[in-house]
A.B. asks: 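If you scroll down you'll find the structure; I have some questions about it.
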There are 2 protein chains.
Amino acid sequence: MTSAAQLTQAQDRFIAVWGQMAGAWGVSRTMAEVHALLYITGEPLCTDDVMERLQISRGNASMSLRALLDWAIIERAHKRGDRKEYFHAEQDVWTLFRAIVRQRITREVDPLLASLYEIRDMTAIDRKRARSDNEDLRERIDIHNQRLESMLEFFQTLEQLAAMFISPAGKGLQAAATLLSKSPREEAAP
Amino acid sequence: MTSAAQLTQAQDRFIAVWGQMAGAWGVSRTMAEVHALLYITGEPLCTDDVMERLQISRGNASMSLRALLDWAIIERAHKRGDRKEYFHAEQDVWTLFRAIVRQRITREVDPLLASLYEIRDMTAIDRKRARSDNEDLRERIDIHNQRLESMLEFFQTLEQLAAMFISPAGKGLQAAATLLSKSPREEAAP
DNA sequence: AGAATCTTTCAATCCTTTCTGAAACTACCC
DNA sequence: GGGTAGTTTCAGAAAGGATTGAAAGATTCT
């Protein structure tokens, strides 16, 4: 077996593994595979390259590439004297994950927070209305409001942290994280 | 409309919203809804309560409750003089999310890291085999190895950070996070 | 031991998401 | 303008997950 074949095999394995992770970061398997392919080869590929290597239809390849563009984790590229569009993946892992976090905050946390605010408004007035002969109801309202408030607080914090990570200042966090994790047991060294 | 009805409505809305988030943290919609119900009411409920309130089958309720137990975000409870099992949700949001992070690290990141190590082993020897008349192949192998290494490093860091968050020491991180996010612009106050 | 009560399992069904492939569309060239 | 190369769209097909419900399995009580 040539090394070339072995390389292809390793790439395929990486693509498969990345594809399985797809669910974990909220995209379809194919989309993750396309990204894996572009990332691991490191070179710009066109739609046909992707179709052939992953054995998927043109429509699927086109949709996945467009979705990846939307997520801003791949970008268009062109070769001189070639009309085709090529695509190449963001090569820095931290930049990649910053983009993913940015997307997921916008798509998931922001709407969630909006809904939580709405729900808070729904019961903000309830407590007053609960007549004093109904202690039980009053207590349930209090519990509800308190749970809702905790949840809101948590996601606000989460969003703030994410904002820090995403912003240019995020590089600082990134550096700190790397440092922290590299010497987790050496803090007390002389 | 009574406040009681309004409370129920607000709870239903919360349950629905939480259910939509299900995908985001890797569980089924129903499982998220069951958790939302237990969390927002704050009181222990039995299987039949859940079935009735969410209009789901016994099997589904049973499975979802068991899964939530596996995730360690709800626990069994019993009422004296009642044979039924009741369930109540972890009430502290930070503890809840620590449990979720713990699960997802074990289920997703650990296996991923294991696979990445395997893949690294697959090509660790390749470079030597690439004959010197094949510069192109050699370069592709180098790129591959470098990408793989970056990915590995990133997930190692991620796992370390998660470990800190999860551990008892995580409370420190939590406090820091809350502080950070509460006064992101007041750092320089006297 | 048997009855009563509650829980779990799993094959069949339903539903949602993803994928395909061919047609429509766009941009460029002669 | 007509032809060609490349890209996007979308209705229908397929795959993958989630849900049901009824039967089997536990557990506790008398």
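Throughout, protein chains are lettered first and strands after them, A, B, ... in sequence-line order, and every chain is numbered starting at 1.
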A.B. asks: Once salt bridge (Lys or Arg N to Asp or Glu O under 4.0 Å) is applied, do any residues pair with A/Glu139, and if so which ones, sequence neighbours excluded?
C.D. replies: none
A.B. asks: CD of A/Gln20 versus P of D/dG16: gap in Å, rounded?
C.D. replies: 13 Å
A.B. asks: May I have the list of side-chain donor-acceptor pairs in residues 56-69 of chain A shorter than 3.5 Å, sequence neighbours left out?
C.D. replies:
from    : atom 1 : to      : atom 2 : distance (Å)
A/Ser57 : OG     : A/Asn60 : N      : 3.1
A/Arg58 : NH2    : A/Asp48 : OD2    : 3.0
A/Ser64 : OG     : A/Asn60 : O      : 3.0

A.B. asks: Do any pairs count as a salt bridge (charged side-chain N to carboxylate O under 4.0 Å, His left out) and have a residue in residues 6-15 of chain A, sequence neighbours left out, and if so which ones?
C.D. replies: A/Asp12-A/Arg53, A/Arg13-B/Glu118
A.B. asks: Please check the phosphate of D/dT19 (OP1 and OP2 only) for any side-chain N or O of B/Thr30 closer than 4.0 Å.
C.D. replies: yes
A.B. asks: Between B/Phe97 and A/Phe154, what is the ring plane arrangement, given parallel below 30°, perpendicular above 60°, and tilted in between?
C.D. replies: parallel
A.B. asks: Which nucleotides of nucleotides 6-15 of chain D have their base under 4.0 Å from a protein heavy atom (B), which only their sugar-phosphate (S), and which neither (-), written as one string 5' to 3'?
C.D. replies: SBBBB-----
A.B. asks: Atom CE of A/Met31 to atom P of C/dT18: distance rounded to whole Å?
C.D. replies: 10 Å
A.B. asks: Taking salt bridge (Lys or Arg N to Asp or Glu O under 4.0 Å) as the test, write out the residues that go with A/Glu75, two or more places apart.
C.D. replies: none
A.B. asks: In whole angstrom, what separates B/Asp49's CG from C/dT7's C1'?
C.D. replies: 15 Å
A.B. asks: In terms of hydrophobic clusters joined by side-chain contacts under 4.5 Å, are B/Val27 and A/Trp25 together?
C.D. replies: yes
A.B. asks: Going by the rule side chain to side chain donor-acceptor pair (under 3.5 Å), which residues pair with A/Asp49 if we only count those two or more places apart in sequence or in a different chain?
C.D. replies: none
A.B. asks: Could you work out, with side chain to side chain donor-acceptor pair (under 3.5 Å) as the rule, every residue matching A/His144, not counting sequence neighbours?
C.D. replies: none
A.B. asks: Can you tell me how far P of D/dT20 sits from CD1 of B/Ile56, to the nearest Å?
C.D. replies: 7 Å
A.B. asks: Return the value, rounded to whole Å, for the distance between atom CG of B/Leu54 and atom C1' of D/dT19.
C.D. replies: 13 Å
A.B. asks: Using nucleotides 11-15 of chain C, report all nitrogen or oxygen pairs with the protein that are shorter than 3.5 Å.
C.D. replies:
none

A.B. asks: Through what angle, rounded to 10 degrees, does the axis of the helix from C/dA1-D/dT30 to C/dC30-D/dG1 turn between its ends, using five pairs per end?
C.D. replies: 10°
A.B. asks: Checking A/Gln146 now: which residues fulfil side chain to side chain donor-acceptor pair (under 3.5 Å) with it, not counting sequence neighbours?
C.D. replies: A/Ser150
A.B. asks: Residues in side chain to side chain donor-acceptor pair (under 3.5 Å) with B/Arg104, at least two apart?
C.D. replies: B/Glu108
A.B. asks: Not counting sequence neighbours, which residues clear salt bridge (Lys or Arg N to Asp or Glu O under 4.0 Å) with A/Arg76? List them please.
C.D. replies: A/Glu85
A.B. asks: Taking CD from A/Glu33 and P from C/dT18, how many angstroms apart are they, rounded to a whole number?
C.D. replies: 13 Å
A.B. asks: In whole angstrom, give the distance that lies between atom NE2 of A/His78 and atom P of D/dA5.
C.D. replies: 19 Å
